[in-house]
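Small disclaimer: the values here were computed from a predicted structure and weren't measured. Values reported hereafter were calculated over all heavy atoms of this structure, with side chains retained and with hydrogens, waters and symmetry mates removed.
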Amino acid sequence: LVGRTGSGKTTQMWTLPGRKFAYIFDPNSLKSLQGLDLEYELFLPDLLEMDATLKGFNKGARDDSLKGSKREPMVYMDWVEDINRKVEEGFFEQFDWLCFDSGTFLAKAVMARQLFINNRYGSIEDLGDYRVVGSKLTEVFQSITAMPINIFMTGHIDTFQDEKTKKIDTLIKLPGSSRQMLPLMFTDIWKAEVGEDKEGRRIFEVVTMPEPRGLQDIRCSVPGLEAIEDVTIRDFSRPTDFGVGALLQQSQPVQPKKRAGK
């Protein structure tokens with residue numbers, strides 16, 4: 001589920017039926033999830049990891065430097081260690097959903113690690129960095145999406161304009177090859193938006209079909225859905241009756257994937 005900030009992506013976790021576990025990388029996520037029966041692990045950068053130095057780019061410019069030990073971004077490495085351990089222990093077998101909020105912040109953590117190991121942490125990313133990080137995210141999620149569990153992932157979108165053709169493209173905010181490859185691993189890719197009902201009240205919606213001049217990565221496996229569906233949660237005491245979860249249930253009840261031979 002992708003969209004701009006404030007389009008209701010995280011809140012849709014309430015609507016997913018069954019037991020849920022989430023990896024949280026977005027510092028604002030928990031505000032939207034307060035009260036939800038959800039197990040989670042929070043992975044945020046420690047203050048001591050932050051590289052607040054400014055980098056000069058003019059000829060003869062100086063770079064700022066901070067005293068003390070070298071800052072090392074560990075969010076990505078800590079997460080990899082955690083998910084590998086949980087897989088080995090069979091931890092996820094008790095859950096129906098494995099959620100990631102958001103792919104944008106996870107990609108940022110991978111990029112921070114990439115820059116660090118190349119002694120450029122705090123510097124501007126270059127094309128080679130995007131290629132490496134995109135390839136690694138693709139490799140990691142090929143394994144994750146093969147797990148016998150439903151996957152729910154949020155992300156953001158970017159709008160670009162080609163300087164020559166002036167054509168405007170809307171793309172999922174992911175680095176390198178992962179921008180093309182990650183969407184191929186998901187059965188449904190929907191775009192979250194904020195709209196209005198007939199009375200002018202704010203509602204939350206998802207776009208389930210590719211837009212002629214918008215995001216082309218949208219895909220839908222649920223037959224019979226409208227191009228734009230209302231996913232507003234109107235009663236948080238029974239959230240699975242609304243939203244993305246209810247739309248998925250229209251096709252068939254969401255069940256954990258089964259391992260081959262079981």
Side-chain angles (χ1 to χ4, degrees), residues 1-3 5-6 8-14 16 19-52 69-118 120-122 125 129-130 132-147 149-157 172-176 178-179 181-182 185-186 192:
L1 186 61
V2 299
T5 300
K9 301 180 297 295
T10 301
T11 307
Q12 289 301 317
M13 282 191 210
W14 284 80
L16 303 177
R19 294 195 66 195
K20 297 171 281 288
F21 178 88
Y23 279 115
I24 305 295
F25 302 92
D26 187 329
N28 299 302
S29 294
L30 294 183
K31 290 286 186 181
S32 300
L33 301 173
Q34 275 188 328
L36 175 61
D37 184 10
L38 173 76
E39 292 191 38
Y40 66 90
E41 293 281 356
L42 187 64
F43 286 89
L44 301 177
D46 187 276
L47 181 60
L48 294 178
E49 296 181 19
M50 182 179 66
D51 189 327
S69 59
K70 190 174 183 180
R71 287 153 175 77
E72 180 176 356
M74 290 296 298
V75 170
Y76 173 64
M77 298 304 293
D78 289 344
W79 169 69
V80 168
E81 181 180 346
D82 185 86
I83 193 170
N84 282 336
R85 183 179 68 254
K86 283 181 167 58
V87 170
E88 291 173 0
E89 295 172 351
F91 175 81
F92 296 114
E93 294 177 7
Q94 61 185 305
F95 296 99
D96 301 295
W97 290 91
L98 173 56
C99 305
F100 295 87
D101 193 39
S102 67
T104 309
F105 279 91
L106 174 56
K108 183 175 177 61
V110 184
M111 180 63 75
R113 189 67 189 180
Q114 163 69 10
L115 294 175
F116 173 79
I117 62 175
N118 284 283
R120 292 172 37 245
Y121 185 41
E125 307 92 343
D129 297 318
Y130 283 102
V132 171
V133 173
S135 177
K136 181 55 62 176
L137 279 170
T138 298
E139 178 185 335
V140 168
F141 273 90
Q142 276 183 310
S143 298
I144 290 174
T145 53
M147 293 168 57
I149 190 171
N150 297 297
I151 306 291
F152 177 82
M153 188 176 188
T154 66
H156 295 79
I157 54 176
I172 298 176
K173 191 177 180 68
L174 286 168
S178 65
R179 181 178 290 167
M181 296 304 296
L182 248 67
M185 302 177 196
F186 288 82

Review item, side-chain donor-acceptor pairs of residues 22-35, under 3.5 Å, at least two apart:
residue: Y23; atom: OH; partner: D82; partner atom: OD2; Å: 2.7
residue: D26; atom: OD1; partner: N28; partner atom: N; Å: 2.9
residue: S29; atom: OG; partner: D26; partner atom: O; Å: 3.3
residue: S29; atom: OG; partner: D101; partner atom: OD2; Å: 2.4

- [ ] Please assess S143 against V87 for the test side-chain contact (heavy atoms from CB on, under 4.5 Å), listing each intermediate value before the final yes or no.
- [x] CA-CA 11 Å; S143 298; V87 170; over 6 Å; no
Could E88 and R85 be called an ion pair, given the rule that one side-chain N must be under 4.0 Å from one carboxylate O?
-> no
In terms of heavy-atom contacts, D37 and K20 come closest through O-CE, 4.3 Å
dist L98:CG -> I151:CD1 (nearest 0.5 Å) comes out at 4.5 Å
Residues K86 and F92: closest non-hydrogen pair is CB-CE1, 3.6 Å
Practice item. Step through the shown structure and confirm whether more than 12 heavy atoms of other residues, nucleotides or ligands are within 6.0 Å of NZ on K136. Key: no
Distance col, row M153:CE vs S102:OG, nearest 0.5 angstrom, shows 7.5 Å
In terms of heavy-atom contacts, V2 and K9 come closest through C-CD, 3.7 Å
- Query: Got a sec: does the NZ of K173 have more than 12 other heavy atoms crowding it under 6.0 Å?
  - Reply: no
Taking every heavy atom of T154 against every heavy atom of F152, the minimum-distance pair comes out as CG2-CE2, 3.6 Å
Checklist entry - Step by step, would you call F116 with M77 a side-chain contact (heavy atoms from CB on, under 4.5 Å)? => result CA-CA 12 Å; F116 173 79; M77 298 304 293; over 6 Å; no
### Query
With distance as the sole test, does S178 use its side chain to make a donor-acceptor pair with the main-chain N or O of L137 at under 3.5 Å?
no
Output for pair (Q12 CD, L1 CG), nearest 0.5 Å, gives 6.5 Å
### Task
Check for a donor-acceptor pair, side chain of R179 on one end and backbone N or O of L174 on the other, with a separation under 3.5 Å.
yes
On a heavy-atom basis, the closest approach of Y121 and P73 is CE2-CD, 3.8 Å
CD1 (I117) and CD (E72) are apart, to the nearest 0.5 Å, by 10.5 Å
Requested in this report: Give a yes or no on whether F43 atom CZ has more than 12 heavy-atom contacts from other residues, nucleotides or ligands under 6.0 Å away.
Outcome: yes
Here the pair of heavy atoms bringing V75 nearest to A109 is CG1-CB, 3.7 Å
- prompt: Within the distance-only criterion (no hydrogens, no angle test), does the side chain of D96 pair as donor or acceptor with the backbone N or O of R19 below 3.5 angstrom?
  reply: yes
Take atom CD in E81; do more than 12 heavy atoms of anything else shown fall under 6.0 Å from it? no
One should read off an interatomic distance between F21 CZ and F100 CZ, to the nearest 0.5 angstrom, of 9.0 Å
Practice prompt. Under the side-chain contact (heavy atoms from CB on, under 4.5 Å) rule, what do I83 and I144 come out as? Steps first, then yes or no, please.
Written response: CA-CA 9 Å; I83 193 170; I144 290 174; 3.9 Å; yes
Output for pair (Y76 OH, Q114 CD), nearest 0.5 Å, gives 10.5 Å
